[in-house]
Protein chains: 2
Amino acid sequence: MKEEAAGVPEESGAPRRRGRRPGGSDTRVALLEAARTVFAERGYDGATVRMIADRAGVDPAMVNHWFGGKEKLFVAALDLPADPGAILSEALPGDPDHLAERVIARLLQVWDETGGTQLATLLQSIASHEVAAGLLREFIGRVLVHKVLSAVAPDRPELRATLAGSQMFGLAFVRYVLKVEPLASADHATIIAAVAPNLQRYLTGRLP
Amino acid sequence: MKEEAAGVPEESGAPRRRGRRPGGSDTRVALLEAARTVFAERGYDGATVRMIADRAGVDPAMVNHWFGGKEKLFVAALDLPADPGAILSEALPGDPDHLAERVIARLLQVWDETGGTQLATLLQSIASHEVAAGLLREFIGRVLVHKVLSAVAPDRPELRATLAGSQMFGLAFVRYVLKVEPLASADHATIIAAVAPNLQRYLTGRLP
DNA sequence: GTCTATACAACGATAGAC
DNA sequence: GTCTATCGTTGTATAGAC
């Protein structure tokens with residue numbers, strides 16, 4: 001507990017104005033951006049509300065005011081590095097036997113756009129937090145199964161989707177989070193040639 | 001590495017003795033065992049030094065004394081929930097064309113032994129902690145590459161190892177951490193039949 | 001004037017260090 | 001064992017938009 005209210009040891013470089021800000025500024029958006037950055041750098045537990053508020057240049061209490069707590073802010077900030085549904089829709093048209101190649105190529109392209117850091121964050125968040133795990137579970141079940149597989153494969157779409165998801169999840173994790181060589185530095189062509197046949201088997205091949 | 005299995009007592013209900021312990025007992029080993037249990041149950045951040053010390057029946061200060069801090073204890077404790085090297089060695093003898101089946105079968109057996117919870121926390125620790133990520137990186141590079149692949153496949157052992165690792169990592173994560181159905185509840189035979197051909201291709205098949 | 005976004009202070013909890 | 005730092009959260013007074 002702190003009782004030293006008399007002395008003023010605190011010196012902030014920039015005096016923050018109290019009360020409502022002038023019309024232009026938007027605390028909510030600033031918090032979301034800061035949250036994405038800080039969660040990306042430190043993970044869920046490592047990121048503190050105070051860090052995020054600092055980065056956004058606002059008071060920590062704003063997190064509660066706008067989002068209702070750290071966890072809710074996390075969920076709001078986890079607003080997808082790229083829209084997976086859109087990516088899959090793009091890959092669907094064309095030869096079904098080469099669907100896997102198109103999917104992997106597009107995913108690698110999107111993942112590498114930010115140097116993989118944004119994806120790494122998402123994966124770490126998913127791994128370390130129940131809420132994020134639930135989000136991914138829902139995504140795999142809904143988008144992957146009913147959007148892709150029902151269009152190309154008749155039998156066991158759920159099993160195919162989870163198998164395909166496990167391969168892509170593992171690939172993403174090893175490449176962008178764990179950064180194991182040589183996979184971390186391999187070019188897209190190599191990865192596509194290596195992984196596409198396996199993914200294709202999960203999607204449309206013969207399963208037990 | 002194996003530390004001597006000196007009579008390590010279970011913690012439950014044992015009254016805490018004071019002063020120097022009799023010759024046979026080993027605080028270091030007790031802490032390591034306690035650390036494995038607690039890290040497995042709560043993850044890295046969720047596990048506290050006090051919990052571990054409590055479980056080991058020793059003072060928290062012993063963690064600093066013997067290991068120099070929580071992180072160092074973690075590294076020391078993460079010396080295998082089940083020995084992957086041994087598992088791979090067991091799977092090596094036999095028809096090389098069915099190596100993947102044997103590996104997956106054995107891994108599933110070990111993973112499921114604890115209901116998957118121990119594996120789940122290990123994976124989460126790997127995902128959320130730099131140290132653990134480094135450990136896995138080293139494991140994939142050293143054990144997988146030089147122990148398995150050099151015995152069965154001549155070309156690109158590192159790439160094969162990382163690809164195989166990504167598939168098994170993804171499978172483990174989706175099944176035990178994310179618990180996505182139907183993969184989470186699928187029986188071993190189904191998973192083996194589904195995944196083994198893909199893993200086999202990474203291990204010994206034709207690669208670009 | 002009313003409403004609300006804001007800043008500041010402090011709380012109880014807890015974990016790691018000494 | 002004790003101490004200290006810091007966490008997420010809450011209460012409250014205030015400044016500015018409407």
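Just so it is clear: chains get the letters A, B, ... in the order the sequence lines come, proteins before strands, and each one is counted from 1.
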Check your understanding: How close or far is atom C1' of C/dA5 from atom CZ of A/Arg28, stated in whole angstroms?
Key -> 14 Å

Review point. Which of these nucleotides, C/dA10, C/dT6, C/dG16, is closest to any side-chain atom of A/Arg50?
Key: C/dA10

Check your understanding: Which part of the nucleic acid does A/Gly69 contact within heavy-atom distance under 4.0 Å: base, sugar-phosphate only, or nothing?
Key -> sugar-phosphate

If you look only at distance, which donor and acceptor atoms sit under 3.5 Å apart when one is on a side chain in residues 188-196 of chain B and the other is two or more places apart or in another chain?
from: B/His188; atom 1: NE2; to: B/Asp112; atom 2: OD2; distance (Å): 2.4
from: B/Thr190; atom 1: OG1; to: B/Asp187; atom 2: OD1; distance (Å): 2.6

Exercise for review: For the pair A/Glu181 (side chain) and A/Ser185 (backbone), establish whether a donor and an acceptor sit closer than 3.5 Å, ignoring hydrogens and angles.
Suggested key: yes

Exercise for review: Measure the distance from CE on A/Met51 to C1' on D/dA5 and round it to the nearest whole Å.
Suggested key: 13 Å

Point to revise | Nearest atoms (heavy-atom pairs only) where B/Ala56 meets B/Ala30 | key: CB-O, 3.6 Å

Exercise for review: Whole angstrom is fine here: how far is it from CG in B/Leu73 over to P in C/dA15?
Suggested key: 15 Å

Check your understanding: Within less than 4.0 Å of OP1 or OP2 of C/dT6, is there a side-chain N or O belonging to A/Thr27?
Key -> yes

Check your understanding: Is there a donor-acceptor contact under 3.5 Å from the side chain of A/Arg102 to the main chain of A/Pro93?
Key -> yes

Review point. Does the side chain of B/Gln200 pick up a donor-acceptor pair with the side chain of B/Thr204 at under 3.5 Å?
Key: yes

Check your understanding: Do the side chain of A/Arg160 and the main chain of A/Asp155 share a donor and acceptor less than 3.5 angstrom apart?
Key -> yes

Revision key, fill the gap. Expected list for residues 61-68 of chain A near DNA chain C, using heavy atoms below 4.0 Å, is A/Ala61, A/Met62, A/His65, A/Trp66

Review point. Whole-Å distance between C/dC18 C1' and B/Asp59 CG?
Key: 13 Å

